[in-house]
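Chain A is the first sequence line, chain B the second, and so forth, proteins listed ahead of strands; every chain is numbered from 1.
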Amino acid sequence: MSVNEQAWFNDQVLVHEPALRSYLRQYLRQPTDIEDCIQETYARVLSMTDASRAAVRNWRAFMFTTARNVGLNQLRRQRVISLDTIAELDASGVLLDEGPPTYEEVNSRQELTLLGGAISALPERCRQVFTLRKLYGLSQKQIAARLGIAENTVEQHIAKAVRLVTRSLFEPALFAPDNVQANCAEGRAGGARGTRISSGQHQD
Amino acid sequence: MDSIKIEEAAAEWLACLDRPETTSDVRAAFERWRDANPRHAAAYLRLNAAWQRADRLQALRPPDAAGIDPDYFREGAPDASEQFVVSVAPPRSQWRLWSLASAAMIAFLSVGIVIVQSMRVDIFATTTGGFERVRLDDGSIVELNTDTRLRVDLSRTTRRIELLQGEATFTVAHDMQRPFVVSVDGTSVRAVGTKFNVRRRSQSIDVLVTEGKVMVGAGPAMQSVSPVMTEEIPIIAAGQSVRIATGSLKLEKISQADAERALAWHSGMLEFDAITLAEVVIEFNRYNLRQLLVTDTSLAQMRIGGQFKATNLDGFVNVLEENFGVQARHEDNQIVLLKRTASQREPAAFAR
């Protein structure tokens, strides 16, 4: 897996995650089902050969189709099958006609607001460790010395922080005009979201 | 399938690999884990994307003199202040104050009060293999190449950019009243409305102008609004490039094709016109964490032409192996390029 693979994954695949999440939330009620579906979708895309990747014209549409197929499989395997949901998901091809996404120039301030918000929402120790590592560029060893904690503890905080920050960054709040959050508010997986996205946007 | 478990494992690997002390054995164990299941790779790539994006926070880094504050991002619970009566305003995090300050500034300006524009210093940075296009507040566009760091300081009277590391192209918004000055150590490049590229090398500074003109000179002389024109301040016009090394300045005219080749990185490409493998290796190494190494002198002098994606190291090495009589030895974090031994077939063709 090269630097190149990471760049490809960022540009063609991850960029669609917020939209994909808000799409899946309409059909998959359990947060873990959504996580499973997204991870499996990515795994399928990563397993494709270079030739079949090159044949994909519109990655956004391709991701949605793959996720829909994965989601349908998941639904069919469940003990209590909601036929309505399967039918809805099966018929949800309409989303796929949107054409290629348009990329905006990086708005560095928006990005910083988003990142800053994600970090503010971390638990205290996690937040401090992440700040020292990413804002000030200290090594894990230096962080351990400065905060007077074990290096292993620092490593654990990094592991936890990166998961929570990732979750914040790929949340669909910015991308979902049709407000689907109401459907799944009870199913939220963790406490990392907060209000940062909207508050960040207002200030910009 | 437990995607959460996989994500947790991926996060542990990422945190572990973040430590320089991690041994190659552990790294190999990570690669085995990652390659065992595409879901493992997916979870890792996803977390790693966010982890790398967080490097952009360096733009918020306060000057070193301000010291290190682990609570830089602490949120002062603004919601709580509305629910309870508090005598003191809750502490707000620095980064939020920073955004509020600019919002307040815009509010002032919109009611017509002329105030001195705030002096805000931004730092923009890319990591190895990175590329970023940024629009500055004055409308100028900066494109940052791999592993680049620059400081932007826009004030009412000047626009000052310091190229701390790497390479960037500047498309300058026209503003006669505010000179746009890019400095690298003591050398400054000054433009009014133009497009130019500056690359900071270890031994020299390269400036390439594709539109308009720039002046190059020692720092302080360049900062005033109307610098004195002297023969010591050379003017570089579109279609020219200049290499500035300690005490010397070499001006040369370059063709449109050369200019396009030099700026191929804007689209993530490297373009070579029969330059030596030694030079090609230097270029690739700017964009990739895995470094190419060539020790054989005759191999280093071999000339190569063509177009390659800057981060497609494996593809480039394959081309060398298949067409240029090269054998690659893959080591931990480097790829050693060797001449293929005599017993092996001579290369079918040299590209150029």
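No close placement of the B:Tyr44 and B:Trp51 rings is indicated, their centers lying 6.0 Å or farther apart.
A salt bridge links B:Glu7 to B:Arg46: at least one charged side-chain nitrogen sits closer than 4.0 Å to a carboxylate oxygen. Salt bridge B:Asp314/B:Arg290: present, at least one basic N to carboxylate O contact under 4.0 Å. Between B:Asp2 and B:Arg39 there is no salt bridge, since no side-chain N of the basic residue sits under 4.0 Å from a carboxylate O of the acidic one.
For a residue to count as touching a neighbouring chain, one of its non-hydrogen atoms must lie under 4.5 Å from one of that chain's; by this rule A:Glu151 touches chain B with backbone and side chain alike. At a 4.5 Å heavy-atom cutoff, A:Ile143 makes no contact with chain B through either its backbone or its side chain. When heavy atoms are compared at a cutoff of 4.5 Å, A:Lys141 approaches chain B solely by way of its side chain, counted from C-beta outward. For a residue to count as touching a neighbouring chain, one of its non-hydrogen atoms must lie under 4.5 Å from one of that chain's; by this rule B:Glu21 touches chain A with the side chain only. Residue contact with chain A, scored on non-hydrogen atoms closer than 4.5 Å, involves the backbone and the side chain of B:Leu47 alike. In this structure, chain B has a heavy atom under 4.5 Å from the side chain of A:Gln140, while its backbone stays farther away.
Between chain A and the options B:His40, B:Glu8, B:Gln52, heavy-atom pairs under 4.5 Å are most frequent for B:Glu8. Put simply, of B:Pro70, B:Pro38, B:Ala50, the one with the most heavy-atom pairs under 4.5 Å next to chain A is B:Pro70. Top candidate by heavy-atom pairs under 4.5 Å with chain A, chosen from B:Cys16, B:Ala310, B:Gly130, is B:Cys16. Most heavy-atom pairs under 4.5 Å with chain B: of the set A:Arg44, A:Arg133, A:Glu124, this distinction falls to A:Arg133. Between chain A and the residues B:Asn48, B:Asp18, B:Leu14, the largest count of heavy-atom pairs under 4.5 Å involves B:Asp18.
Judged by distance alone, the side chain of B:Asn285 and the main-chain N or O of B:Leu292 form a donor-acceptor pair under 3.5 Å. Between the side chain of A:Gln39 and the backbone N or O of B:Ser3 there is at least one donor-acceptor pair closer than 3.5 Å. Looking at B:Thr146, its side chain does come within 3.5 Å of a backbone N or O of B:Arg286 through a donor-acceptor pair. Side chain of A:Gln6 to backbone of B:Leu45: a donor-acceptor contact under 3.5 angstrom is found.
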